[in-house]
Amino acid sequence: MNGVGLVLNFETLLVILAASLFGIFVGAVPGLTATMAVALLVPLTFYMDTIPAIAAIVTTSAMAIFAGDIPGTYLNIPGTPASAAYVGESYALAKKGRAREALGINLVCSVFGGIFGTIVLIVVAQSLAEVALQFSAFEYFWLAVLGLSCSIFISVGSRTKAFLSLLFGILLSTVGLDMMSGAPRFTFGVPDLMAGINFIPVMIGMFALNELMSYYASKSEKKTISIVDNDSVFHNVPGHIKRYWRNMIRGSSIGTLIGALPGAGADIAAWISYGVGKGRSKESAKYGTGNIEGIMDASSANNSGISGAWVPALVFGIPGDSITAIVIGVLYMKGMNPGPTIFMDGSGLIYALFMVFILANLMMLPIGYMAIRLSKFFILTPSRVLMPIILCFCIVGAFAINNSVVDIWLMLIVGLVAYVLAVNDFPMAPAILGLVLGSVVENNFMSAMLRTGGDLTSFFARPISAGLGIAVILLWCSPLLIKAYRYQQHKSG
Amino acid sequence: MIITNHSLKAIFASSIAAAVMTASGSALADYPERPLTLIVPWAAGGGTDATARTIARALEEELGQNVNVVNRTGGSGVVGHTAMINAEPDGYTIGLATGEVNMMHWLGLTNLTYEDFTPIAQINYDFPGIQVAADSPYETLEELLEAIRSEPKGTFTASGTGQGGVWHLAFAGFLMDQGIPADQVIWIPSEGAAPAMTELVSGGIDIVPSSVPEARSMIEAGRVKSFAVMSPERIPSFPDVPTTNELIGSSYQVGEWRGIAGPKGMDPEVVATLESALEAAYNSDTYQGFMSQQGFGTEWRNAEEFGQLMEDMDSVFGEIVEQVGLAN
Amino acid sequence: MRDFFAGIGFVIAGIVTIITAQQFPTLPSLQYGPSLFPSLIGGGFCLGGAVLALNALWLRKKAVAQEAHGSPSLAGSLPEKTNWAMLLPPISIVFYILASDYLGAMLTIMIIMLLLMLLRKTSPYIALATSLVVSSAIYFIFSRYLLVPLPQGLLLGGSLPWIS
């Protein structure tokens with residue numbers, strides 16, 4: 001167990017602490033995002049030793065993803081595509097004066113999900129990775145379609161509008177060089193658009209810029225959210241856990257499993273588990289109006305998905321999501337080549353890594369608690385001071401992901417379109433998922449068709465693929481089936 | 001009027017020239033007097049990025065100035081390379097140009113060619129290998145090639161880059177070199193070697209002609225075997241993988257070069273300063289140690305030879321793109 | 001009624017998308033290629049937009065019919081007056097894009113923050129102090145520690161102390 005010594009030294013612990021604060025800060029500032037936090041860390045990790053470097057990234061990503069829910073809850077500006085699944089829920093709770101309660105349960109579920117995923121990683125990483133290797137283009141296609149479908153079925157209000165919003169996101173995902181043909185699409189001669197549209201400026205435009213414009217459109221300085229004295233971070237947590245512990249386990253399992261698939265990741269995981277949660281809940285009508293249950297499912301899945309993504313990354317050196325893609329590069333740079341040898345080379349590095357995971361997740365409790373307490377800053381600061389600051393972070397945040405002015409333009413244009421749509425009651429969350437998953441759906445579909453010479457039945461030819469396909473079709477038919485069932489009941493009753 | 005106008009212009013022009021001279025003169029004397037920016041056209045965390053950051057660190061020691069690596073990714077390299085040629089040719093913004101410079105314009109993605117760059121030095125060369133799944137029915141390269149030759153067109157699929165990416169073109173060129181039509185094997189575009197590896201293992205495709213280091217973890221996991229590498233000599237970190245020359249006597253060697261280049265019109269003295277600093281950085285333990293540990297190929301070419309390589313490879317890739325039917 | 005126009009807007013966007021997509025090349029071995037998905041999305045826009053527009057028309061008809069029977073409805077209510085102040089954030093962003101190369105990121109975001117705060121009647125001292133502190137903090141953290149190449153600006157021309 002020489003892994004212990006690698007972690008429990010002053011430098012590593014200091015790095016973990018610093019990374020926690022950095023992650024919390026970046027996550028909590030509207031306009032800055034978790035992926036950006038990790039991307040900005042890469043050049044810095046270059047100057048660190050292996051274990052502190054990995055610890056910095058693991059801690060930052062876990063913290064930033066949780067902290068992204070803080071501006072989500074207080075300002076309706078989510079930090080990641082995954083948290084866009086339940087931002088409506090936590091914002092609704094905040095309006096009822098239960099912001100801290102929502103964040104408290106979110107924090108506990110995040111920690112639980114993260115540790116759950118880590119334990120799975122420690123115990124069954126290798127066999128889970130075997131399962132992940134069974135997935136090919138056919139399966140990823142269905143999985144992404146399932147995620148997209150969930151975004152419509154969990155939406156509140158008009159489904160037509162949710163559908164159109166989703167399509168808007170998918171359309172954005174087609175911009176850039178088409179991977180299959182190498183042909184540029186909708187690039188209008190701008191070289192930067194060849195790279196496609198990054199979800200970060202779009203998310204900032206859709207949510208943050210949208211909120212900023214709404215603020216300046218109204219003349220009122222009044223806050224929709226106020227501090228309520230009896231709103232405690234942890235007071236109601238035991239009760240909720242007792243009542244909804246199944247949701248946490250279910251969310252974490254779905255999250256770890258989907259996170260472990262290299263083509264999927266935490267985003268799909270959060271949406272699907274939120275959808276599953278709503279489908280299985282006894283109070284599914286309450287979803288979208290500020291229901292703690294939905295938050296528990298999705299935020300457990302979100303963080304366990306992050307841990308799950310490490311399964312293929314460590315076992316086969318294949319990134320499970322955008323963050324592990326960066327981490328694999330850092331691992332290589334540090335001479336710690338991911339692959340089966342990492343589990344048996346005897347250097348203890350892998351145990352050190354596991355310890356870092358557990359430590360990072362445990363650190364989340366105190367530091368997250370502190371952040372939740374401090375987040376009343378969002379309420380105490382007058383909007384007229386807060387909003388211009390957020391605007392400047394949005395500009396810098398959009399620029400920093402690619403160091404490109406084009407991304408600032410993109411944030412602006414998407415923000416304007418989103419404002420018009422939002423004023424007309426179109427939900428924005430499906431658009432973000434559409435942008436993230438649109439190319440997954442398209443590329444896997446095209447890749448499968450190219451391989452089979454255009455044979456559509458091949459989507460049902462492999463067992464897992466067929467199973468997922470049937471699940472999607474059942475989901476689409478479910479409104480009809482439910483109606484038919486009720487009709488039957490009505491007739492007989 | 002005309003004369004005055006003319007003389008005014010002359011005075012104006014000469015004063016500008018003088019200003020430029022003094023500016024460049026002082027820049028030359030102290031170059032570099034502020035940090036440099038190194039543009040990388042590929043994502044942070046990838047192999048090219050790691051190479052760039054390592055050479056940047058070695059270069060910092062030589063120049064005594066910070067070298068900041070900036071990633072400008074996407075569009076098969078179009079974005080980053082465009083940013084490189086549009087930078088001021090003052091020597092403070094340079095880039096890590098990659099072999100895509102020789103492909104993008106043939107594919108009709110951009111107008112920029114190697115002529116828009118000032119070559120400074122080549123620092124790396126990676127050659128494609130031929131990888132198949134460990135449970136593939138073929139045991140040797142010869143068997144595989146024979147099967148590709150005899151089975152009907154489209155029986156085999158390969159992947160590893162996007163359409164018209166380096167491993168696609170290099171593999172197509174290899175097939176043609178062996179007298180096999182390039183479209184005998186269907187190319188399934190992917191976002192890179194890593195997703196192609198999972199497809200290879202899950203049975204979705206048959207061949208991944210990426211560089212051997214890109215397949216390292218799968219080879220170590222016993223899931224993938226590498227038949228051969230199309231390089232002049234065996235790669236030191238994979239001594240068991242033979243070269244195509246040893247196996248089938250093929251001297252076809254087309255790979256991915258990486259080198260430092262700047263925008264067109266850089267001052268020759270600045271280029272010379274950078275070139276000698278790069279040579280020292282290239283030979284440093286930092287760089288050589290990292291590259292050999294990764295299994296990445298090192299190859300040095302000075303400014304002139306590097307320019308020649310770009311020119312030579314341009315026609316090679318032009319021909320392959322034409323043959324594969326991707327020319328635009 | 002706004003839904004009606006939104007629906008029509010989507011139908012038009014759908015048609016434009018489909019027409020643009022027809023110019024994309026096809027893949028050598030398949031009948032369809034990069035134009036397939038954009039065309040499907042365009043089709044979806046048309047379909048969804050039409051449903052939205054027709055639904056709005058139908059609701060309005062119902063409302064008008066109800067009104068004819070003497071029951072009050074919202075169909076005739078005036079839309080809220082547009083407040084052009086909502087364009088302040090977009091204008092600030094455009095200002096940043098245009099001015100930051102010359103003024104530098106730090107000065108530009110300071111000006112944006114200061115003006116936006118004053119516009120909403122923040123006390124000048126607070127506005128000045130906040131924008132000064134926050135803009136230097138953003139610039140310092142991002143440029144110095146996170147190595148983001150924020151524009152320094154020609155005006156200050158590399159004279160900022162911590163970026164040497």
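As the structure is a prediction and not an experimental result, all values here were calculated from the model.
Ranking A/Phe22, A/Phe168, A/Trp409, A/Phe399 against chain C, the residue ahead of the rest is A/Trp409, based on heavy-atom pairs under 4.5 Å. Of the residues considered (A/Met387, A/Arg384, A/Met411), A/Arg384 shows the highest number of contacts with chain C, using heavy-atom pairs under 4.5 Å. The most heavy-atom pairs under 4.5 Å with chain A, out of C/Pro151, C/Pro38, C/Ser131, C/Gly49, come from C/Pro38. Among C/Ser35, C/Ala21, C/Ala127, C/Ala85, the residue with the largest count of heavy-atom pairs under 4.5 Å with chain A is C/Ala85. Annotation: maximal heavy-atom pairing with chain A below 4.5 Å, among C/Ile112, C/Asp3, C/Ile93, occurs at C/Ile93. The residue among C/Ile109, C/Val134, C/Thr122 with the most heavy atom pairs within less than 4.5 Å of chain A is C/Thr122. Listed options A/Ser214, A/Pro388, A/Ser218, A/Ala183 were ranked by heavy-atom pairs under 4.5 angstrom with chain C; first place goes to A/Pro388. Taking chain C as the reference chain and counting heavy-atom pairs below 4.5 Å, the highest number among A/Leu41, A/Ile389, A/Val441, A/Ile170 is found for A/Ile389. Listed options A/Leu212, A/Val405, A/Ile395 were ranked by heavy-atom pairs under 4.5 angstrom with chain C; first place goes to A/Ile395. Of the residues considered (A/Thr160, A/Thr174, A/Leu166), A/Thr160 shows the highest number of contacts with chain C, using heavy-atom pairs under 4.5 Å.
Residue A/Leu44 touches chain C through its side chain alone, counting heavy-atom pairs closer than 4.5 Å. Only the side chain of C/Thr130 comes within less than 4.5 Å of a heavy atom of chain A; its backbone N, CA, C and O stay farther away. With a 4.5 angstrom heavy-atom cutoff, A/Pro382 does not touch chain C via any of its atoms. The contact between A/Asn403 and chain C is made entirely by side chain atoms (from C-beta outward), counting heavy-atom distances below 4.5 Å. Using a 4.5 Å cut-off between heavy atoms, A/Val423 touches chain C through backbone and side chain atoms alike. Only the side chain of A/Phe445 has a heavy atom closer than 4.5 Å to any heavy atom of chain C. Proximity to chain A (any heavy atom under 4.5 Å) is shown, for C/Leu150, by both the backbone and the side chain. When heavy atoms are compared at a cutoff of 4.5 Å, A/Leu32 approaches chain C solely by way of its side chain, counted from C-beta outward. Heavy-atom distances place no part of A/Ile413 under 4.5 Å from chain C, backbone and side chain included.
Chain A is approached within less than 4.5 Å, heavy atom to heavy atom, by C/Ala6, C/Phe10, C/Thr17 from residues 5-19 of chain C, ordered by number.
Minimum interatomic distance between C/Pro34 and A/Glu442 (heavy atoms only, all atoms of both residues): O-OE2, 4.4 Å. Heavy-atom minimum distance, A/Tyr216 versus C/Arg120: CA-NH2, 3.5 Å. Nearest approach of A/Phe163 to C/Gly44, heavy atoms of both residues: CE2-O, 3.9 Å. C/Ser92 and A/Leu391 get closest at one heavy-atom pair: CB-CD2, 3.6 Å. Smallest separation of non-hydrogen atoms from C/Pro90 and A/Leu416: CG-CD2, 3.8 Å. Pairing each heavy atom of A/Cys392 with each of C/Ile138, the nearest pair is CB-CD1, 4.2 Å.
Distance check, rounded to the nearest 0.5 Å: CE of A/Met213 to CG of C/Leu88 gives 9.5 Å. How far CG of A/Leu171 is from CD1 of C/Ile41: 5.0 Å, rounded to the nearest 0.5 Å. The distance from the CZ atom of A/Phe186 to the CZ atom of C/Phe24 is 4.0 Å, given to the nearest 0.5 Å. With values rounded to the nearest 0.5 angstrom, C/Met117 atom CE is found 9.0 Å from A/Leu386 atom CG. Of the inter-residue distances, the one linking C/Leu52 atom CG with A/Phe426 atom CZ reads 5.0 Å to the nearest 0.5 angstrom.
Judged by a 6.0 Å distance limit and a 45° cone about the ring axis, A/Arg185 is not positioned over the six-membered ring of C/Phe37.
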Next item on the list: Show your reasoning for whether salt bridge (charged side-chain N to carboxylate O under 4.0 Å, His left out) applies to C/Arg2 and A/Asp425.
Entry: CA-CA 10 Å; C/Arg2 286 208 296 216; A/Asp425 303 321; 5.8 Å; no
